[in-house]
There are 2 protein chains.
Amino acid sequence: MQSQQDKDVTTMELSRRLLEAGLRPSVQRLAVLGDLCHHYDHPTVDTIYSRLQPQMPTLSKTTVYNILRVLCEAGLVRSLNIEYANQRFDGHLEPHDHFICTCCGRVYDLPHDRTAGLPSFEDLGLHVDREEVSYYGSCRECRGKQAR
Amino acid sequence: MQSQQDKDVTTMELSRRLLEAGLRPSVQRLAVLGDLCHHYDHPTVDTIYSRLQPQMPTLSKTTVYNILRVLCEAGLVRSLNIEYANQRFDGHLEPHDHFICTCCGRVYDLPHDRTAGLPSFEDLGLHVDREEVSYYGSCRECRGKQAR
DNA sequence: CTCTATCTTGTAATCATTACAACTTTAAAA
DNA sequence: TTTTAAAGTTGTAATGATTACAAGATAGAG
């Protein structure tokens, strides 16, 4: 997890990914995709917007919503669905699971421990494209606070 | 999955579960919990409300929200977090995974194939309480429609 | 340079969820 | 039984995320 390759990804590389997906590498798209690749905090729409807005005063939150939708559709980004939380986004595509602290809401990356690929449910008529594994519990920091 | 034991669960049994959790078995709570135990469709708040309202004309949607929150807190029900969908609820507590058809949005139950218990991430300082495994893809019915 | 499709933007609407305060019910005490 | 307090329910109003829509800006093709 958190190899340098994603944090160090260049604008040129991001641009290449967008073009490959048939999307124009606009400054807004590069900014949103870059934000997701350069952070590991699984941000909400609002977090992304707040981080980018100071550098791009004309950025609209609608644009962030639009861009996240097309990035998800293109498979350049994935969205997480977390209990009692807004939609969150993840720009790191290597297979990994998530741990959500039910106390502070932070999302941690975990190695994906399934050795085989996706399981097959074809006998049930279900064709699996992807899986999402989430663990819920408490992180060390929150348990420390509770102990006080 | 879908053993008869849950579909056939009696009001007395539901009442017992509520009392055991320290909750009064009000008619509203019995109705909401019963609806979740008698169906396998992982309903939304709105679906539950719509199913119960005809029999209980004074039922309030706020009550359904309140009840679902306390049932979740009591561990009598679990909530699912599904991409691009409202919160959904599941009254069947035996360990199982979910398959979500990204075409029709239906949620199917799947056997949980992990032989061991929950994995441990204590070395990372993370204490796991529960896991949620979701598979996304297309069901037979939707693939049939697309083929046309 | 012009045209057209693509992309961005802001405003207004929608819709799920929550806050809150009043009202009702229940269980237990007196 | 009556009283009382806690627990539970209800409706309305507020909140806040997300989407719809229409106008404006941009960029690549010809």
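A, B, ... follow the sequence lines: proteins, then strands. Residue 1 opens every chain. Predicted model only: the values in this text are computed from it and were never measured. Side-chain atoms are counted along with the backbone in the values below, which use heavy atoms only and exclude waters and symmetry mates.
- Residue-level contact check: A:T44 touches neither bases nor backbone, having no heavy atom under 4.0 Å from any strand.
- Salt bridge B:R17/B:E20: absent, no basic N to carboxylate O contact under 4.0 Å.
- Between the side chain of B:T62 and the base of D:dT12 there is at least one donor-acceptor pair of N/O atoms closer than 3.5 Å.
- Checking C:dT18, C:dT9, D:dT10 against the side-chain heavy atoms of A:L59 singles out C:dT9 as nearest.
- We find that OH of B:Y65 is positioned 13 Å from P of C:dC15, with the value rounded to whole Å.
- Between the CD1 atom of A:I67 and the C1' atom of C:dC7 there is a distance of 8 Å, given to the nearest Å.
- Here the C1' atom of nucleotide D:dG28 and the CG atom of A:L19 are 12 Å apart, to the nearest Å.
- Note on B:D46: nothing from the nucleic acid sits closer than 4.0 angstrom, heavy atoms only.
- Smallest separation of non-hydrogen atoms from A:S15 and A:L30: N-CD2, 3.6 Å.
- Note on A:Q28: a side-chain N or O is less than 4.0 Å away from OP1 or OP2 of C:dT9.
- Rounded to whole Å, atom P of D:dA5 lies 15 Å from atom CZ of B:R24.
- Mapping B:K61 and B:R29 onto DNA chain D by nearest heavy atom places B:R29 at the nucleotide closer to the 5' end.
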Can A:T47 and A:T44 be said to form a side-chain hydrogen bond (donor to acceptor under 3.5 Å, both in side chains), step by step?
-> CA-CA 5 Å; A:T47 300; A:T44 61; 3.0 Å; yes

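- The nucleotide whose nearest atom lies closest to any side-chain atom of A:T58 is, among D:dT26, D:dT10, C:dT9, C:dT9.
- Using a 4.0 Å cut-off between charged side-chain N and carboxylate O, A:D41 and A:R88 make no salt bridge.
- The CD atom of A:Q53 sits 13 Å away from the C1' atom of C:dG10 (whole-angstrom rounding).
- At the phosphate of C:dT8, OP1 or OP2 sits under 4.0 Å from a side-chain N or O atom of A:S26.
- The side chain of B:S60 has D:dG11 as its nearest neighbour among D:dT9, C:dT17, D:dG11.
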